[in-house]
Amino acid sequence: GEALFVLRSNSGNFDDLRIQTINQATQQLLEMEPSEIIFRRLDSFVAGGFHPTQTDMLALHQGTYASHDTLLISKSGRKIPVLFSASLAKNTANAEDKTLTCVCLASDITNRKAIEERLKLVSTAFNHAIDPALIVNRTGNIIANNPALEFVFSYPREQLQSMHINDIATTPPLSEV
């Protein structure tokens with residue numbers, strides 16, 4: 001599940017926000033007991049500190065949510081990529097109440113980050129391969145190619161990707177195979 005952090009500041013100052021409530025998923029993610037988390041600042045668990053952008057802060061002040069990728073640090077020092085989302089709650093019934101409550105969710109995106117890294121690697125290999133390479137869809141239309149294919153056939157990428165595999169094949173057409 002998602003890690004939940006509820007932060008509160010009685011002064012109305014974002015810099016004074018302290019963690020007040022967490023859930024079991026937060027404990028598991030950070031590998032800590034509640035006593036090691038409660039009343040601490042959130043930035044003590046964020047790699048490089050917690051520095052919301054001006055856009056995030058504006059969104060929070062307007063009552064919407066802010067969301068971005070960041071790294072949380074567990075007790076063992078493991079850096080955990082998370083999608084971090086936050087929403088600010090204010091007491092609108094009492095204008096004098098300066099209490100800020102910020103509800104935050106952190107979703108572990110370790111698997112997504114690993115997949116992104118593999119995709120970057122495959123893309124780099126495809127685009128820098130010495131041999132021509134292409135990808136076709138089910139009907140045989142070229143949907144992607146590498147620069148080596150452009151060099152061998154002397155066609156620009158846009159033209160190749162408007163062609164069918166049979167337009168460049170030197171063997172019998174796919175329908176005859």
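Residue numbers count from 1 along this sequence.
Contact of the E150 side chain with the P132 side chain is not registered, since no non-hydrogen atoms from C-beta on lie closer than 4.5 Å. Using a 4.5 Å cut-off on side-chain heavy atoms (C-beta onward), L30 and I37 make contact. Side-chain atoms of D167 and I142, non-hydrogen and from C-beta on, never get closer than 4.5 Å to each other.
Nearest heavy-atom pair across M32 and S74 is CE-C, 4.3 Å. Nearest heavy atoms, C102 versus A86: SG-CB, 3.9 Å. Listed here is the closest heavy atom pair of G1 and A25: O-CB, 3.8 Å. Of all heavy-atom pairs spanning L29 and A3, the tightest one is CD2-CB, 4.0 Å.
The hydrophobic cluster containing L83 does not contain I115, counting ILVMFWY residues as joined when their side-chain heavy atoms lie under 4.5 angstrom apart, directly or transitively. Side-chain heavy atoms closer than 4.5 Å link hydrophobic residues (I, L, V, M, F, W, Y) into clusters, and following such links, even through other members, never connects L119 to L134. Hydrophobic clustering places L100 together with I38 (ILVMFWY residues linked when any side-chain heavy atoms are closer than 4.5 Å, directly or through intermediates). At a threshold of 4.5 Å between side-chain heavy atoms, the hydrophobic network of Ile, Leu, Val, Met, Phe, Trp and Tyr places M163 and V152 in one connected group.
Put simply, CG on L149 and CZ on F126 are 8.0 Å apart, with the number rounded to the nearest 0.5 Å. Going from atom CZ of F151 over to atom CD1 of I130 covers 12.0 Å, rounded to the nearest 0.5 Å. For the atom pair T139 OG1 and I165 CD1, the distance stands at 11.5 Å (nearest 0.5 Å). With rounding to the nearest 0.5 Å, the separation of NE2 in H68 from CZ in F84 is 7.0 Å. To the nearest 0.5 Å, the span separating CD1 on I22 from CD on Q27 amounts to 4.5 Å. The CG atom of D16 lies 4.5 Å from the OG atom of S9; values are rounded to the nearest 0.5 Å.
Without hydrogens or angle criteria, D43 side chain to V46 main chain gives no donor-acceptor distance under 3.5 Å. The main-chain N or O of E33 is found under 3.5 Å from a side-chain atom of E36 such that the two form a donor-acceptor pair. Using a distance-only test at 3.5 Å, with no hydrogens or angles considered, no donor-acceptor pair links the side chain of E2 to the main chain of S107. The main-chain N or O of D131 is found under 3.5 Å from a side-chain atom of N146 such that the two form a donor-acceptor pair. In this structure, the side chain of R8 does not engage the main chain of I19 through any donor-acceptor pair within 3.5 Å. A donor-acceptor pair under 3.5 Å is absent between the side-chain atoms of N127 and the main chain of T124, judged by distance alone. A donor-acceptor pair under 3.5 Å is formed between the side chain of N137 and the backbone N or O of N141.
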Worksheet item: Can you list the steps and then say if D108 with K113 is a salt bridge (charged side-chain N to carboxylate O under 4.0 Å, His left out)?
Response: CA-CA 10 Å; D108 187 341; K113 289 294 186 179; over 6 Å; no
Item to complete: Given salt bridge (charged side-chain N to carboxylate O under 4.0 Å, His left out), test K120 with E116 step by step and report yes or no.
Response: CA-CA 6 Å; K120 286 178 190 175; E116 287 174 1; 5.6 Å; no
Fill in: Verdict with supporting geometry, E31 and I73, side chain to side chain contact (heavy atoms under 4.5 Å, CB included)
CA-CA 9 Å; E31 304 165 349; I73 303 170; over 6 Å; no
Discussion item. Under the criterion side chain to side chain contact (heavy atoms under 4.5 Å, CB included), I'd like the reasoning laid out for F45 against R40: C-alpha separation, chi angles, the key distance, then a yes or no.
Written reply: CA-CA 9 Å; F45 303 105; R40 289 182 58 189; 3.6 Å; yes
Discussion item. Before you tell me yes or no, could you show the steps for N145 and Q161 under side chain to side chain contact (heavy atoms under 4.5 Å, CB included), namely the whole-Å CA-CA distance, both residues' side-chain angles and the distance that decides it to 0.1 Å?
Written reply: CA-CA 8 Å; N145 63 274; Q161 291 181 9; 3.1 Å; yes
Item to complete: For V136 and I143, run side chain to side chain contact (heavy atoms under 4.5 Å, CB included): C-alpha distance rounded to whole Å, both residues' side-chain angles, the deciding distance at 0.1 Å, then the answer.
Response: CA-CA 5 Å; V136 297; I143 59 172; 5.8 Å; no
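Grouped with V103 in one hydrophobic cluster are L4, V6, L105, the linkage being side-chain heavy-atom contacts under 4.5 Å among Ile, Leu, Val, Met, Phe, Trp and Tyr residues.
Under the side-chain contact (heavy atoms from CB on, under 4.5 Å) rule, L17 has a single partner from L7, L42, L88, T101, which is L7.
At most 12 heavy atoms of other shown residues, nucleotides or ligands fall within 6.0 angstrom of atom OH in Y155.
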